[in-house]
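Take a look at the structure set out below.
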Amino acid sequence: MNDQTKIDQDRAERTEKLQGMGCKRKRVEDVRFTQGKGSYVDDLKLPGMLFGDFVRSPHAHARIKSIDTSRAKALPGVVAVLTAADLKPLGLHYMPTLAGDVQAVLAEEKVLFQNQEVAFVIAEDRYIASDATELVDVEYEALPCIVDPFKSMDPDAPILREDIKDKMVGAHGPRKHPNHIFEWQIGDKEATDAVFAKADVTIKEMLVDHRTHPSPLETCQSVASFDKVKGELTLWGTFQAPHVIRTVVSLISGLPEHKIHVIAPDIGGGFGNKVGAYAGYVCSVVGSIVLGVPVKWVEDRMENLSTTSFARDYHMTTELAATKDGKIQAMRVHVLADHGAFDACADPSKWPAGFMNICTGSYDIPTAHLAVDGVYTNKASGGVAYRCSFRVTEAVFAIERAVELLADKLGMDAAELRIKNFIKAEQFPYQSALGWEYDSGDYHTAMKKAMDTIGYKELREEQAKKRDAFKRGETRELMGIGISFFTEIVGAGPAKNCDILGIAMFDSAEIRIHPTGSVIARMGTKSQGQGHETTYAQIIATEIGIPADDIMIEEGNTDTAPYGLGTYGSRSTPVAGAATAVAARKIKAKAQMIAAHMLEVHEGDLEWDVDRFRVKGLPEKFKTMKEIAWAAYNNPPPNMEPGLEAVNYYEPPNMTYPFGAYFCVMDIDVDTGVAKTRRFYALDDCGTRINPMIIEGQVHGGLTEAFACAMGQEIRYDEHGNVMGASFMDFFLPTAVETPHWETDHTVTPSPHHPIGAKGVGESPHVGGVPCFSNAVNDAYAFLGAGHIQMPHDAWRLWTVGQKLGLHN
Amino acid sequence: MAKSHIELTINGKKVEALVEPRTLLIHFLREHQNLTGAHIGCDTGHCGACTVEMDDMSVKSCMTFAVQANGANITTIEGMANPDGTLSALQEGFRMMHGLQCGFCTPGMILRAHRLLKENPAPTEDEIRHGIAGNLCRCTGYVNIVKAIQYAAAKINGTPFQEAAE
């Protein structure tokens, strides 16, 4: 073995010991989770703790004529019953939403959706609280309701929001009707219309991304504990954004923010459901302040599915204009957005339709226009980003379905049409027609790798044969090939355009190196299963050469963690991950000065080597980070303050733009409508990969949620506004039996503006997966002239497609 | 409400208690016994987060009254580690194969997998998928849960475990 080999081997061994970026480090969290030692909100038990439960409206739209709580209050074990009349003097019967609207905490004069919160019963245990909800007598006068958002702005439509009926300018500009929330437009309408007027080929389709729900396995819940003596409130809850909750609680309760301790313990999945503020949180807080004892609130599943945070419900009239050889010239989209009874979208404040304007997708479309109208209906409020950045699943669904429809019309292969229109690698950074600057991408390389791996040409040949066989009556099976080439926009975001309630959407990391060389680091984000305790430590390990196992990551305690905007929209890695790297580099810079002092050389004479600074040309003269850490507390250079810690609040210069190429092969039994996913291949490019094991796990999970949304999951209402199927009996969550096998792959195009080049991945598989499944289904039926088939594609609906096409005769 | 007297064994320990007849086993375990490992995900018996072992059967403890467990032998996730405190083969399998993310379904999933392997020590992938169909996971897409159970089966049986190619 020569010297260089020895040096390389030594370096490789030291690198491996760090368990830094790029390795499949096993998760720190799993040690407690596999032993049932996680600590979730409902695990919390405090002395004297009471339980709250809601009385909910059976009507979708009704006037409340009276509320009589006397029978409930008489039940032994019931401590209090809160109604709007109790909250109103405190100014708490309404709370602000993240979208600039207000939302009823407890209904005052009217209820606006079924299961809306009407009264909050507080009792000694959850059984008594539940009993008492049935003893609150509420007299309603039913009113006509609006379920179809296309009827919201009819001249004779009932006015839903009487509280704001005269306020004809909302948070996002003028309102056209008392049931109108906002109109948001972007792009060049005139130029777009002009291109459409002269185009060789156009397509136009109403694409519905139906209402669904993130439904994490743990529902929303909170425990509030108010200390009357100290005037301090501690609030534990299922919060994806604990600091934002603290600020909101301070703003609405009037309690000073430093006397509010918000703690998000382990969270059992979020997927966007746990970003917003809910009536239950507020009522647990009010209950505790009024009664001076802790109050717990835990949603049941039916409450979760029917009240807190639906997703989607976007009705997108989508048009493309192209030349006859398939070059896309323009895109025009109008969205009717059903927001339910209150505008409680969890978007950055200036973006009433989120980042829907990423809808030009991965294509070089020079001209585009997008308009979104938000309306009120008698449904639950929300409009959260369900496993995606804000409205990005909707945007990608629109463009990826539209491209397929255009390919059909042109008689072109759908992959070929995409490739022809891709933004080329040399065009990055790329300015999109609807205002984004895509940071980086190499779409052609990713698409080619995906097509080669899946054997695209052979699949199309097989499909052609099967179609012929179907026409000859030799098979009853249809084969569909779904494609999706998505571009996400994540990591919100730059202060110039992203804020929540006026707070810029930075994120943060604080790293402290202890004298013995172990580390604690705290972030403003909050894991709900993404494995932050594992991956942030890997970033720090690589940056400062301390083994990940010696680094503890802590999130969720707003007293100790630096202020951050939380975890959603795949922002943890792009924003807090960047803050982590920058804070680590500050530490490293100080460590270099300390090492120079220890080695009695000039800083510039040192070079970094995995876990140490060494003197250039004298590799045997070095100081490890561990030694430097001790010196920081024991022998810092003269005039340098002791200690070794740093904090960074990172404001990203741009979003990141992960992308991917997905392919799905599906076989559908035309007589039963049962669709079987034969193969699903997902190639993701999320830039630098921190932990490939966790990335793969995120992709598996996101694809499974995409499969659910596309193939059956739905929150549906009947004509009276009754929510249909708000339990796991009806709401489709795939089991291990239905869930397809997932094949994962990747390319790596690092983000040029991110300190470690990472882009975020948690939501890509959902964003790319939904249109891929829908395209597979649509592709299966396309040769029969089915036209666009709306989601969700459950067996019943697919059977009806066959029925309409006369295939069952 | 009049209370009923029950005696049962939980994780090898004799327990006596007075419970209301309507108290669910999951609440008895979580709130009376402070065994918070099993979780409540749906209240309707669909998700399996509350799965525990009762007399050699997997039971959804949100669909079982505590009084039904009178005289029973119950095992929860808190009783799943090896006697020396190290992770059991299944617990280790879930960690090694990244068979969990948020951890909320995990205790129920491990308890269910435990019973499955008792009844079928060397299940095929298809048998595993059907065997855990009563337990929902929102995070993993099940691929790595299947691998975790295969890992554990191999370890228990002393056979080599070959992780499937990615």
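As a basis for the values below, the full set of heavy atoms in this structure was taken, side chains included, without hydrogen atoms, waters or symmetry mates. Within every chain, numbering begins at 1; the chains are lettered A, B, ... in the order of the sequence lines, protein sequences first and strands thereafter.
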For this session: Heavy-atom distances under 4.5 Å only: say whether Thr23(B) touches chain A with side chain, backbone, both or neither.
Result: both
For this session: Report the option among Thr704(A), Asp42(A), Asp43(A) that has the most heavy-atom pairs separated by less than 4.5 Å from atoms of chain B.
Result: Asp43(A)
Problem set entry | Under 4.5 Å from a heavy atom of chain B, the part of Tyr40(A) involved | side chain
Seminar exercise, completed: Honestly, the part of Met109(B) sitting under 4.5 Å from a heavy atom of chain A is neither
Exercise. Does the side chain of Met729(A) come within less than 4.5 Å of His46(B)'s, by heavy atoms?
Worked result: yes
Problem set entry | Winner by heavy-atom pair count (cut-off under 4.5 Å) against chain A, out of Arg95(B), Gln91(B), Glu125(B) | Arg95(B)
Problem set entry | Selection from Thr735(A), Asp745(A), Asp125(A) maximising heavy-atom pairs under 4.5 Å formed with chain B | Thr735(A)
Exercise. Are any side-chain N or O atoms of Arg301(A) and backbone N or O atoms of Thr44(B), one a donor and one an acceptor, separated by less than 3.5 Å?
Worked result: no
Problem set entry | Modelled atom types, side-chain donor and acceptor of His700(A) and Tyr142(B), under 3.5 Å | no
Seminar exercise, completed: Turns out that what part of Leu24(B) lies under 4.5 Å from chain A's heavy atoms comes down to both
For this session: Identify which of Arg30(B), Glu20(B), Glu92(B), Glu78(B) forms the greatest number of heavy-atom pairs closer than 4.5 Å to chain A.
Result: Arg30(B)
Exercise. Does Lys45(A) NZ have over 12 foreign heavy atoms under 6.0 Å away?
Worked result: yes
Problem set entry | Part of Asn34(B) lying under 4.5 Å from any heavy atom of chain A | side chain
Exercise. Which bit of Gln698(A) comes within less than 4.5 Å of chain B, counting heavy atoms only: side chain, backbone, both or neither?
Worked result: both
Exercise. Rounded to the nearest 0.5 Å, what separation is found between the CG atom of Leu136(B) and the CG atom of Leu733(A)?
Worked result: 5.5 Å
Problem set entry | Heavy-atom closest pair, residues Cys42(B) and Phe728(A) | CB-CD1, 3.4 Å
Seminar exercise, completed: Against chain A, residues from residues 97-107 of chain B with at least one heavy atom under 4.5 Å, in numeric order, are His98(B), Leu100(B), Gln101(B), Cys102(B), Gly103(B), Phe104(B), Cys105(B), Thr106(B), Pro107(B)
Exercise. Asn304(A), Val737(A), Leu703(A): which one forms the most heavy-atom pairs within less than 4.5 Å of chain B?
Worked result: Val737(A)
Problem set entry | Heavy-atom proximity to chain A below 4.5 Å, by part of His39(B) | side chain
Exercise. When only heavy atoms count and the cut-off is under 4.5 Å, which of residues 25-38 of chain A reach chain B?
Worked result: Lys26(A), Arg27(A), Val28(A), Asp30(A), Val31(A), Phe33(A), Thr34(A), Gln35(A), Gly36(A), Lys37(A)
Exercise. Quick one: of Pro76(A), Ser727(A), Ser215(A), who has the most non-hydrogen atom pairs under 4.5 Å with chain B?
Worked result: Ser215(A)
Exercise. Any side-chain heavy-atom pair from Glu218(A) and Ile40(B) closer than 4.5 angstrom?
Worked result: no
Seminar exercise, completed: Most contact-rich option vs chain B, by heavy-atom pairs under 4.5 angstrom, among Ile267(A), Asp266(A), Ile694(A), is Ile694(A)
Exercise. Which heavy atom in Cys47(B) sits nearest to a heavy atom in Leu217(A), and how many Å separate them?
Worked result: CB-CD1, 3.8 Å
For this session: Examine Arg138(B) relative to Phe271(A) and say whether NZ or CZ is less than 6.0 Å from the centre of the six-membered ring and inside a 45° cone about the ring axis.
Result: yes
Problem set entry | Gap between atom OG1 of Thr140(B) and atom CD of Glu696(A) - 0.5 Å precision | 11.0 Å
Exercise. Heavy-atom distance under 4.5 Å to chain A: side chain of Leu87(B), backbone, both or neither?
Worked result: side chain
Problem set entry | Options Gly48(B), Gly37(B), Ala133(B), ranked by heavy-atom pairs under 4.5 Å with chain A, top entry | Ala133(B)
